[in-house]
Amino acid sequence: MERGPLSQPDFPAFSAKVIPFLHLTTRIKGKKHDGLLGEKGFRSFPTLAFMDAEGKIIGQPAERSIASFEQAFDVLSKHLELVAKHLALEKRIANGEKGLEFELFVAEYNLGKVTGEAVTRRIKAFKDLTPAQQKQADQILLDEEVIGLIKRAMEDEDAVRTVSARFVELLDANTLPSKRVALDFWAILAHTAAKDSNAALLERVIQGLRKGYPDREDVQNYAASLEEKLKELSK
Amino acid sequence: MNGRSNSQSEVFSMRRAITTALLLGTVLLSTSFGAQDAEQERFKKSYEKALTAEFISHGNWITDYDLARERAKKEGKVIFVFFSRSYAP
């Protein structure tokens with residue numbers, strides 16, 4: 001590890017975004033915090049993790065590479081931003097500020113605190129949303145529909161075709177789920193396109209992936225593998 | 001006739017056995033503590049050596065947990081922790 005990603009030239013650029021803390025278990029008697037590894041629930045060396053400022057473990061990188069560190073950091077940063085936003089809204093409401101109910105709902109939804117039928121119920125209860133808020137509400141409702149369909153397709157192979165048909169309808173109407181949900185949406189369409197040897201659909205999936213996730217190397221690699229499949233279909 | 005009765009001899013033997021055991025125990029304990037002290041010295045030296053690794057300055061790593069948390073609070077950043085060890089397994 002030390003001679004790997006932690007010594008690479010671009011590591012300092014990543015470490016500047018965080019507080020890089022090296023904990024060495026020393027077995028020196030009386031050394032403060034020497035048992036920290038075990039206290040945090042880990043058992044082996046080396047271990048990498050992210051902590052909040054209180055020392056609570058909040059995540060770990062999936063792999064031992066700077067790209068993986070950056071990806072995990074981005075996800076965590078967004079989550080921490082959402083937590084801060086939610087706290088700030090609660091404070092404003094507690095101070096008597098009015099008209100923040102929809103914003104608070106969106107903050108809770110983004111934190112995963114509102115799921116399933118409760119999402120639809122709460123959105124439908126809002127009256128007099130502004131056009132921008134209505135657009136946001138519609139996107140959330142679409143995401144919830146897509147999440148439900150993805151779950152159905154994962155649990156029941158026989159449902160994949162029906163789910164895929166609905167996804168094609170959405171694609172034709174240019175009504176797409178948001179990025180947080182869209183990967184599984186594209187994956188199900190890719191699966192059906194490959195199975196049906198549907199080159200036209202496969203091409204649309206590839207375009208969707210290339211355009212939607214230009215910064216995600218894993219997604220671009222997936223798109224490249226689908227392009228190989230497309231070449232076979234075009235022969 | 002010797003200077004001790006049978007019961008006195010038994011007591012004397014018992015006292016000698018206890019004294020020998022105590023002496024032996026003390027020697028063993030001293031040896032053990034000596035070994036532990038040597039081991040602790042090794043751990044301290046290994047730790048000091050580990051802190052000179054190049055990657056530490058390369059990545060600006062902090063090695064103090066309390067300081068890391070203080071800076072994280074002050075700067076509003078998450079902590080990226082690398083758990084390792086300085087002693088040989």
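Chain naming here is simple, since letters A, B, ... match the order of the sequence lines and numbering starts at 1 in each.
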### Message
So, using salt bridge (charged side-chain N to carboxylate O under 4.0 Å, His left out) as the criterion, who are the partners of E2(A) when residues are at least two apart?
### Response
none
### Message
Contact between V81(B) and T47(A) at the side-chain level, heavy atoms closer than 4.5 Å - yes or no?
### Response
no
### Query
When you look at V18(A) and I79(B), which way does the side-chain contact (heavy atoms from CB on, under 4.5 Å) test go after all the steps?
CA-CA 6 Å; V18(A) 297; I79(B) 298 169; over 6 Å; no
### Message
If you count heavy atoms of other groups shown closer than 6.0 angstrom to CD of E75(B), is the number above 12?
### Response
yes
### Message
With a 4.5 angstrom heavy-atom cut-off, is it the side chain or the backbone of E41(B) that approaches chain A, or both, or neither?
### Response
neither
### Query
Around atom CZ of R16(B), are there more than 12 heavy atoms of other residues, nucleotides or ligands at under 6.0 Å?
no
### Interchain contact, Q36(B) with chain A, by part (heavy-atom threshold 4.5 Å)
side chain
### Query
Looking at side-chain heavy atoms only, is the closest gap between L22(A) and I56(B) below 4.5 Å?
yes
### Query
Which distance, rounded to the nearest 0.5 Å, do you find between the OG1 of T25(A) and the OH of Y47(B)?
10.5 Å
### Query
Does the side chain of F82(B) come within less than 4.5 Å of M1(A)'s, by heavy atoms?
yes
### Task
Examine whether an atom of L67(B) lies under 4.5 Å from a heavy atom of chain A, and if so say whether it belongs to the side chain, the backbone or both; otherwise answer neither.
neither
### Message
Please classify the contact between S84(B) and chain A as side chain, backbone, both or neither, with a heavy-atom cut-off of under 4.5 Å.
### Response
both
### Query
What residue among Y65(B), F83(B), F80(B) forms ring-ring contact (aromatic ring centres under 6.0 Å, His included) with F21(A)?
Y65(B)
### Task
Tell me, out of P46(A), P12(A), A49(A), who's got the most heavy-atom pairs with chain B below 4.5 Å.
A49(A)
### Query
So, does S15(A) use its side chain to make a donor-acceptor pair with the main chain of G59(B) at under 3.5 Å?
yes
### Message
If you count heavy atoms of other groups shown closer than 6.0 angstrom to NZ of K45(B), is the number above 12?
### Response
no
### Task
Ignoring hydrogens and angles, tell me if any N or O in the side chain of K77(B) forms a donor-acceptor pair with the backbone of A16(A) under 3.5 Å.
yes
### Query
Which atoms of K31(A) come close to chain B, meaning under 4.5 Å heavy atom to heavy atom: side chain ones, backbone ones, both, or neither?
side chain
### Query
Got a salt bridge between K32(A) and D64(B), using NZ or NE/NH1/NH2 to carboxylate O under 4.0 Å?
no
#### Entry: Crowding at NZ, K40(A) (>12 non-hydrogen neighbours, <6.0 Å)
yes
#### Entry: Proximity breakdown for E54(A) and chain B, heavy-atom pairs closer than 4.5 Å
both
### Task
Starting at CD of E54(B), measure out to CG of L6(A) and round the result to the nearest 0.5 Å.
13.0 Å
#### Entry: Qualifying side chain to side chain donor-acceptor pair (under 3.5 Å) pairs, either residue in residues 95-108 of chain A, two or more places apart
R92(A)-E97(A), E108(A)-R122(A)
### Query
How about L80(A) and V78(B): do any of their side-chain heavy atoms sit closer than 4.5 Å?
yes
### Task
Establish, for the pair R27(A) and Y87(B), whether the NZ or CZ atom is under 6.0 angstrom from the six-membered ring centre and no further than 45 degrees off its axis.
yes
## Note on the structure
dist T26(A):OG1 -> K44(B):NZ (nearest 0.5 Å) comes out at 9.5 Å
### Query
Considering only heavy atoms from C-beta outward, does the side chain of Q40(B) approach that of K29(A) to under 4.5 Å?
yes
### Query
With no hydrogens and no angle check, is any side-chain donor or acceptor of H58(B) less than 3.5 Å from a backbone partner on Q8(A)?
yes
### Query
For I58(A), is it the side chain, the backbone, both, or neither that has a heavy atom closer than 4.5 Å to a heavy atom of chain B?
side chain
### Message
A quick test of your reading: do over 12 heavy atoms of other residues, nucleotides or ligands sit less than 6.0 Å from NZ of K135(A)?
### Response
no
